[in-house]
Amino acid sequence: MSDWGKTSLGALGIAVCAAVVGIVHNHVSAEGIGISQHPVQAVSNLAESWFLDTPAAKKKWDEGVTFVDARATEFFLHEGHITGAISLPVLEFDSVFPLVKDRLPALDEEIVCYCSGFGCEESTELARRLTEAGFQFVYVYTGGWPEWSEAGLPSEVEGS
């Protein structure tokens with residue numbers, strides 16, 4: 001075997017060992033990241049039960065729970081949103097929250113936050129901000145607008 005082949009094989013062995021050690025450490029460590037979790041959930045301090053998939057989100061919507069869209073206003077207006085949702089762009093929270101707080105439910109009622117789906121952290125950040133504002137039951141719909149609209153669930157676009 002050539003020197004290059006031996007070096008490559010050695011590097012591969014080190015990488016495999018490092019991966020095994022990392023996975024074992026992640027599994028036994030209290031600080032480990034849940035590998036089966038949604039990436040936003042893995043870095044959030046919210047309990048797993050506060051994250052909803054599409055069927056669970058639809059059930060909350062059917063029950064009349066308030067949905068809050070964390071995306072920028074332009075997306076809410078022009079791309080569409082879940083029927084009845086309130087627009088509260090997380091990047092404009094401080095200026096928009098006072099304008100919409102009267103439309104939000106009581107502090108002890110449920111709210112579902114959503115954004116642009118997989119990998120979008122805006123809904124988790126909005127959930128954190130709403131929790132800090134005193135709301136007690138704030139969920140994050142991880143599928144967000146993309147999964148909701150792809151499933152053909154109730155939605156609307158402003159002006160239509």
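Side-chain atoms of E156 and H81 include a donor-acceptor pair closer than 3.5 Å.
Taken from CD in E110 to OG1 in T66, the straight-line distance is 9.5 Å, to the nearest 0.5 Å. Here the straight-line distance linking atom CG of L88 with atom CG of L104 works out to 7.0 Å at 0.5 Å rounding. The NZ atom of K101 sits 13.5 Å away from the CD1 atom of I86 when rounded to the nearest 0.5 Å. With values rounded to the nearest 0.5 angstrom, T142 atom OG1 is found 6.5 Å from D53 atom CG. Distance check: Y141 OH to Y139 OH gives 16.0 Å after rounding to the nearest 0.5 Å. If you take OG1 on T54 and CD on E147, they are separated by 4.0 Å, rounding to the nearest 0.5 Å.
Checking V100, T73, V96 one by one against S87, the side-chain contact (heavy atoms from CB on, under 4.5 Å) holds for a single residue, T73. The residue from V65, V140, L130, L126 that alone fulfils the side-chain contact (heavy atoms from CB on, under 4.5 Å) condition with I111 is L130. With D62 as the fixed residue, the side-chain hydrogen bond (donor to acceptor under 3.5 Å, both in side chains) test singles out one of K58, K60, K59: K58.
At most 12 non-hydrogen atoms from other residues, nucleotides or ligands lie less than 6.0 angstrom from CZ of F75.
Shown here for R71 and E122, the closest heavy-atom pair between the two residues is CA-OE1, 3.6 Å. Closest non-hydrogen pair, L107 versus A133, comes out as CD2-O, 4.0 Å. In terms of heavy-atom proximity, E121 sits nearest to C115 at N-SG, 4.5 Å. Between P98 and F93, the shortest heavy-atom contact is CD-O, 4.1 Å. Of all heavy-atom pairs between P146 and G117, the closest is CD-N, 3.8 Å. Nearest heavy atom pair, residue F51 against residue T124, reads CE2-OG1, 4.0 Å.
Distance alone, capped at 3.5 Å, is enough to place a donor-acceptor pair between the W61 side chain and the T83 backbone.
If you look at F67 and W148, their ring centroids are closer than 6.0 Å.
When side chains are defined from C-beta on, W145 does not count as touching S116, because their heavy atoms never get closer than 4.5 Å.
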